[in-house]
Amino acid sequence: MADRGALKFVGFIFATATLAVMLVAGMVVKGYADGAYTLEASSVEVSE
């Protein structure tokens, strides 16, 4: 059976990774809400 110290360490690693993913997701959602990112493909004019 694993010791409690190792399980606490693994839990800390998973909690840190989860927090990082949540922060990045929140920043992306805020960027979309503020208009910094768009989902539509931008059209480029071609002059001939």
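One is the number of the first residue; the rest follow in order along the sequence. Side chains included, hydrogens not; waters and symmetry mates left out as well; all remaining heavy atoms used.
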Residues that Tyr32 engages under side chain to side chain contact (heavy atoms under 4.5 Å, CB included), provided they are two or more places apart: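 Tyr32: side chain to side chain contact (heavy atoms under 4.5 Å, CB included) contacts with Val28, Tyr37, Leu39.
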
Scan residues 12-28 for pairs that pass salt bridge (charged side-chain N to carboxylate O under 4.0 Å, His left out), counting only residues two or more places apart or in two chains.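 Every pair satisfying salt bridge (charged side-chain N to carboxylate O under 4.0 Å, His left out) with a residue in residues 12-28: there are none.
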
Inter- and intrachain pairs under salt bridge (charged side-chain N to carboxylate O under 4.0 Å, His left out), touching residues 5-18, at least two apart: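 Counting only pairs at least two positions apart or across chains, no salt bridge (charged side-chain N to carboxylate O under 4.0 Å, His left out) contact touches residues 5-18.
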
With a cutoff of under 4.5 Å between side-chain heavy atoms, which Ile, Leu, Val, Met, Phe, Trp and Tyr residues group with Met22? none

Pairs touching residues 6-25 that satisfy ring-ring contact (aromatic ring centres under 6.0 Å, His included), sequence neighbours left out: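 Every pair satisfying ring-ring contact (aromatic ring centres under 6.0 Å, His included) with a residue in residues 6-25: there are none.
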
side-chain hydrogen bond (donor to acceptor under 3.5 Å, both in side chains) pairs touching residues 20-30, sequence neighbours excluded, are Lys30-Asp34

